[in-house]
K.L.:
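I'd like to ask some things about the structure below.
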Amino acid sequence: MIKITLPDGAVREYAPGITALEIAKSISEGLARKVLAANVNGQVWDATRPIKKDAALKLLTWDDKDGKTTFWHSSAHLMAEAVESLFPGVKFWVGPALTKEGEKGFYYDMDLGGTKISEEDLRKLEKKMNELAKSGSNYIRKEIPKAEALQYFSGKGDEYKLDLLQGLQDGEITFYSQGNFTDLCRGPHIPHTGFIKAIKLTNIAGAYWKNDEKNKMLTRVYGVTFPSQKELDEYLLLLEEAKKRDHRKLGKELGIYTMDDDVGPGLIMWLPNGTIIIEELENLAKETEHAAGYKRVITPHIAKESMYLTSGHLPYYAESMYPPMELEGEKYYLKSMNCPHHHKIFAAEPKSYRDLPYRIAEYGTVYRYEQSGELFGLMRVRCLHMNDAHIYCTKEQFEAEFRAVNEMYIKYFKIFGIDKYVMRLSLHSPEKLGQKYVNEPELWKETEEMVRQVLISSEIPYMEVQDEAAFYGPKIDVQIYSVIGREFTLATNQVDFSQGRSFKLQYTTADNQSDTPLIIHRAPLGTHERFIGFLLEHYAGKLPVWLSPLQVKILPISDKFLDYAQSILQKLKNYDIRAEVDDRQEKIGKKIRDTELSRVPYMLVVGEKEMTENKVAVRRQGRGDLGAKTVDDFINEINIEIKERTAE
RNA sequence: GCCGUUGUAGCUCAGUGGUAGAGCACUUCCUUGGUAAGGAAGAGGUCGUGAGUUCGAUUCUCAUCAACGGCUCCA
C-alpha cells in the first residue's frame, strides 16, 4: 500500500498504481466529476496517471489556476483535432494555455501551408470542436522512446515536432492522444473532452516561429473555453465592459485627444479637454519637483548628429529615431531622449561637489520612430512628452537620491490611487554586452547590486527581469496593464554609469580632484500620453475633480433661472473652478442625464427654491442628489477637494 | 516591419452594380418643465485615397493610407 497525503494533512492508504481520479471517487463522486488534474508532489499530473509511490496529492478543479491551465491546454489539443479534420496536412508547433495575468484561454501555432483561414472557418472549427467535445474522448498519455517519436514525425514530414524533439531526452518523451489526434506533448491533460462545454475561438493572428522575426510566420488561432456556457457568456460580457473603459474610446468620448491621417500615425493632438489634464499633471510635477530640489530647464527638439554619437544613441538606437534632416551640411535628429541635452546643461558651467546633487527637470518632447504595427492609442505613440529629470550625483549620494526618486513614485501613486503595479528591476544580459548594452561588465554588476540594495532596504516588493535594462544602465520599471491586458512601463527610474563619461561630465571634488558624476534618469509620471491613457482606464473616465476638464455644470431648471446660473458661474470662475451653464431649452431630467453621461463630477441644479435661498442643489456624478448648500459652502468644499487632489 | 480584419454623416451602425439610410448629436420653432431621454421641422456624406473592370462603381479587382487584433519590437 502507498500513503497519500491530502492538503488537509489527512493520510489515506491505497494500492500502488491508483490514480488521482480514483482517489477522488473514493472521497466523493461529486468531487470526482470535477477533477481536471492533480498536483502530485508539487508537479501537475493527469488525474488518470497511476501513482506508484507515497505522495502528497492535491486534486485540481476549475477553481485552481493549474486546473484552468490544464483545461485550456487540453482545449488547444481539441482545437488542433478540429483543425486537422478540416485542414488535412496541417503541421502544428505549440499550443499552450495563456498564463499571463488576467489572460484566459489558449492558442495553437500552426503551419497551414499557404491555406488562409478566415473568421468563417473559426465558426466551423467551433462547431467541429463542440462535436468532438460531446464525444467525450479520453486524453491518453503514452511514453514513447525517442527513436520511435523521431520516426513517427519524420514519417509525417513534420519539421516542427522534429525540432521540438531535438531538445528532448530519451525517456522524457510523451504523446497524448484524444479521438483521432495525437500530439507530442508534455501534458498534463484533463481526463476527457466532455469537460469542455463552451467554446469560442477569438481570433486569428500571425506569429513568428520561435518568436523570431527572421523565421517563418505561422498561423496562430486564439480561443477560450469554459466548463459551462454561463461562464463563457460572463467572460464575453466582461470583455465588452472592458472595451467601454478603453482609453481610446474614452479619449474620443471625453474630447481628450485626436489623431489625423494628414498629421501622421502615432502623433497625438491634445484637444482642449486633454490639455487641461496635461496642465494639471504638470502643475503637480512642478510642485513636487520644486519641493524635492529640482530645477526646471527647457531644451530644443532637435540636435546634431555629433551629440547622438557621443551619447551612444546612434550606435545603439538609430533604428528607433526618425531619420535625420540635413541643413548646412550637418545632420540633425529629432531627439528620442532628453538626456543628452540635459548633460549639455550640466556641462554648461563648471561644477563642484557643492553643486551636487544637481537635479534638472523638463517635460521634454521626444520623438521615437516606433514600428507602425506597434502604435496603440495613447499608450504607444511617436511623439511623447516625458516627465523627465536627470540627477547628477556622487557615488556616495547615489543611494539617497535613488531612494528619494522611489519615494516620489509612491507619493504620486497614492495621489492617483494606483495600487496594482509591479516594480521591476530590469537587468542587462551579459551576452548582449557591446550590442544592446554598453560594454562595461564590472560597472553593470556593481550598479545592479546598488539598485537591488535600495529596493531591499526600502522593503519595496519587486521582481527581477533579465535583458530589460537601458543601454546605459539598470533600471526600475513600474509595469501596468491596459484594460485589454497589454503590459506597459508606466514609470521608470534608471541608473546611468555610462553617459557621464561619454559626455566627459566632471565636477571638482572636495580634495580638488576631478570626478564623473553618476546620473539618474527618472520619469515617475512616465509620459503624458501613456499616463493619461492609463488614468482614463484607471478611473473609467471618471476623473477626480482636480483633473476633470469640466468640474461643475450648472443646470437651471428653466430659462427663468439663467441669470442666477450665470451669477454662480461667475463666482466659480473667480476661484478658477472650471464650470459651464447648461443653457439649452431642455428639461432638467435631460440635462442631468447628459451631464451624468459626460462624467462631469458636480452638477448644480438651480431653480426657484435655490434662487430665493441663494443656494445650489448639489448633485455628484454617479451618486445622485446631495442636497442644497449655499454657494459659498459649495465653493469651499470643492476648493478643498481640488487643492488636496482628492483621489475620487 | 510581419500575419489577419476593417474603413459609409460629428458618434454608433445598416445598406446597394444605377451617385445613400437609421438612432444619437447639431440648427430652428413649440414647450418653461424639479433630479438619468418633452414634441416638431431642418441641415449634414464625391461611401478612406488612387487606379482598373463596366454603359455605369460606394458596391467587383488591384494598389495605397490609416485604424483594429496578434507577432516582433519597446532607450
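A, B, ... follow the sequence lines: proteins, then strands. Residue 1 opens every chain.
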K.L.:
Keeping A:Trp444 on the side-chain end and A:Val438 on the backbone end, is there a donor-acceptor pair under 3.5 Å?
P.N.:
yes
K.L.:
Would you find a donor on one side and an acceptor on the other, under 3.5 Å apart, between the side chain of A:Arg530 and the backbone of A:Thr489?
P.N.:
yes
K.L.:
Quickly work out the A:Glu120 CD to B:rG4 P distance and round it to whole Å.
P.N.:
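These atoms are roughly 16 Å apart.
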K.L.:
What nucleotide, of B:rA75, B:rG69, B:rG33, holds the atom closest to the side chain of A:Phe376?
P.N.:
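In terms of side-chain proximity for A:Phe376, the closest of B:rA75, B:rG69, B:rG33 is B:rG69.
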K.L.:
Would you kindly check whether a donor in the side chain of A:Arg220 faces an acceptor in the base of B:rC71, or vice versa, at under 3.5 angstrom?
P.N.:
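Side chain to base: no pair below 3.5 Å.
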K.L.:
For nucleotides B:rU64 and B:rC71, find the distance between their P atoms and express it as a whole number of Å.
P.N.:
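That atom pair is separated by 25 Å.
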K.L.:
Do A:His342 and A:Tyr392 have ring centroids that are under 6.0 Å from one another?
P.N.:
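Between A:His342 and A:Tyr392, which both carry aromatic rings, the centre distance is not below 6.0 Å.
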K.L.:
If I take atom CZ in residue A:Arg424 and atom C1' in nucleotide B:rA75, what distance separates them, rounded to the nearest angstrom?
P.N.:
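Interatomic distance, CZ of A:Arg424 to C1' of B:rA75: 13 Å.
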K.L.:
In terms of ring plane angle, is the pair A:His528 and A:Tyr363 parallel, tilted or perpendicular, where the classes change at 30° and 60°?
P.N.:
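The rings of A:His528 and A:Tyr363 lie parallel, inter-plane angle below 30°.
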K.L.:
Write down the distance separating the P atoms in B:rU5 and B:rA9, rounded off to the nearest Å.
P.N.:
23 Å
K.L.:
So, do A:Tyr539 and A:His247 have ring centers that fall under 6.0 Å from each other?
P.N.:
no
K.L.:
Which dot-bracket notation, 5' to 3', represents the base pairing of RNA chain B when pairs are defined as Watson-Crick or G-U with both distances under 3.5 Å, crossing pairs as [ ], and inter-strand pairs as |?
P.N.:
(((((((..((((....[..)))).(((((.......))))).....(((((..]....))))))))))))....
K.L.:
Once you apply a heavy-atom cut-off of 4.0 Å, does A:Phe488 come out as touching a base, just sugar-phosphate, or nothing?
P.N.:
nothing
K.L.:
Could you tell me the separation between the CG atom of A:Asn215 and the C1' atom of B:rG1, rounded to a whole number of Å?
P.N.:
15 Å
K.L.:
Quick one: A:Asp582 CG to B:rG33 P, roughly how many Å, whole number?
P.N.:
17 Å
K.L.:
Would you mind listing every side-chain hydrogen bond (donor to acceptor under 3.5 Å, both in side chains) that reaches into residues 200-215 of chain A, with sequence neighbours excluded?
P.N.:
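The answer is A:Asp163-A:Lys210.
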K.L.:
For the C1' atoms, the ones on B:rG44 and on B:rA20, what distance do you get once it is rounded to whole angstrom?
P.N.:
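B:rG44 and B:rA20 have their C1' atoms separated by 13 Å.
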K.L.:
Can you tell me, in whole Å, how much space there is between the P of B:rG7 and that of B:rU16?
P.N.:
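Between the two P atoms, the distance is 13 Å.
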K.L.:
Can you give one letter per nucleotide of nucleotides 34-44 of chain B, going 5' to 3': B for a protein heavy atom under 4.0 Å from the base, S for sugar-phosphate only, - for none?
P.N.:
BBBBB------
K.L.:
Do the side chain of A:Tyr208 and the base of B:rG1 come within less than 3.5 angstrom through a donor-acceptor pair of N or O atoms?
P.N.:
yes
K.L.:
A:Tyr472 vs A:His521 aromatic rings, parallel, tilted or perpendicular, using cut-offs 30° and 60°?
P.N.:
parallel
K.L.:
Run the salt bridge (Lys or Arg N to Asp or Glu O under 4.0 Å) test against A:Asp496 and tell me which residues pass, sequence neighbours left out.
P.N.:
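By the salt bridge (Lys or Arg N to Asp or Glu O under 4.0 Å) rule, A:Asp496 matches no residue at all.
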K.L.:
Which comes earlier along RNA chain B counting from the 5' end, the contact point of A:Arg368 or that of A:Thr219, where each point is its nearest nucleotide?
P.N.:
A:Thr219
K.L.:
Starting at CD of A:Glu370 and ending at P of B:rC71, how long is that distance when rounded to a whole Å?
P.N.:
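Taking CD of A:Glu370 and P of B:rC71, I get 16 Å after rounding.
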K.L.:
Need to verify one output field. Residue with the more 5' nearest nucleotide on RNA chain B, A:Asn211 or A:Phe471?
P.N.:
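The 5'-side residue here is A:Asn211.
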K.L.:
Taking only the side-chain heavy atoms of A:Ala205 (C-beta and beyond), determine which of B:rC74, B:rG70, B:rU32 contains the nearest atom.
P.N.:
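Closest of the options to the side chain of A:Ala205: B:rG70.
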K.L.:
Could you measure between the two C1' atoms, the one in B:rC68 and the one in B:rG48, and give it in whole Å?
P.N.:
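These two C1' atoms come out 15 Å apart once rounded.
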K.L.:
Taking the six-membered ring for Trp, are the ring centroids of A:Tyr602 and A:Phe634 within less than 6.0 Å of each other?
P.N.:
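Close enough - the centres of the two rings lie under 6.0 Å apart.
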K.L.:
Can you tabulate the close N/O pairs, meaning under 3.5 Å, that link protein atoms to atoms of nucleotides 59-67 of chain B?
P.N.:
| residue | atom | partner | partner atom | Å |
| --- | --- | --- | --- | --- |
| B:rA66 | O2' | A:Asp261 | OD1 | 3.4 |

K.L.:
If you take the centroid of each ring, where Trp contributes its six-membered ring, are A:Tyr333 and A:Tyr322 closer together than 6.0 Å?
P.N.:
no
K.L.:
Report yes or no: is there a donor-acceptor pair, N or O only, under 3.5 Å between the side chain of A:Arg530 and the base of B:rC74?
P.N.:
no
K.L.:
Kindly indicate whether a cation-pi arrangement holds for A:Arg380 with A:Phe488, taking the cut-offs as under 6.0 Å to the six-membered ring centre and within 45° of the axis.
P.N.:
no
K.L.:
Ring centres under 6.0 Å, that's the criterion: do A:Phe106 and A:Tyr222 meet it?
P.N.:
no
K.L.:
On a whole-Å scale, what distance lies between the P atoms belonging to B:rC24 and B:rG56?
P.N.:
40 Å
K.L.:
Could you tell me whether the side chain of A:Arg501 reaches within less than 4.5 Å of the side chain of A:Leu443, counting heavy atoms only?
P.N.:
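Side-chain contact under 4.5 Å: yes.
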K.L.:
Hey, does A:Tyr222 reach any base, or is it just sugar-phosphate, or nothing, if we go heavy atoms under 4.0 Å?
P.N.:
sugar-phosphate
K.L.:
Could you give the CD-to-C1' distance, from A:Glu119 to B:rG70, as a whole number of Å?
P.N.:
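Those two atoms, CD and C1', are 12 Å apart.
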K.L.:
Tell me which donor-acceptor pairs under 3.5 Å the side chains of residues 253-263 of chain A have, and how far apart each pair is, sequence neighbours excluded?
P.N.:
| residue | atom | partner | partner atom | Å |
| --- | --- | --- | --- | --- |
| A:Glu253 | OE1 | A:Arg599 | NH1 | 3.3 |
| A:Asp260 | OD1 | A:Asp262 | N | 2.7 |

K.L.:
On a whole-Å scale, what distance lies between the P atoms belonging to B:rA66 and B:rA14?
P.N.:
25 Å
K.L.:
Taking only the P atom of each, what is the distance from B:rA43 to B:rG21 in whole angstrom?
P.N.:
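The answer is 13 Å between these two P atoms.
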K.L.:
I need the CG-C1' distance between A:Leu236 and B:rG69, as an integer number of Å.
P.N.:
16 Å
K.L.:
Taking the minimum atom-to-atom distance to the side chain of A:Asp559, which one of B:rG33, B:rC71, B:rA75 wins?
P.N.:
B:rG33
K.L.:
Rounded to the nearest Å, what distance is computed from the CE atom of residue A:Met611 to the P atom of nucleotide B:rU32?
P.N.:
17 Å
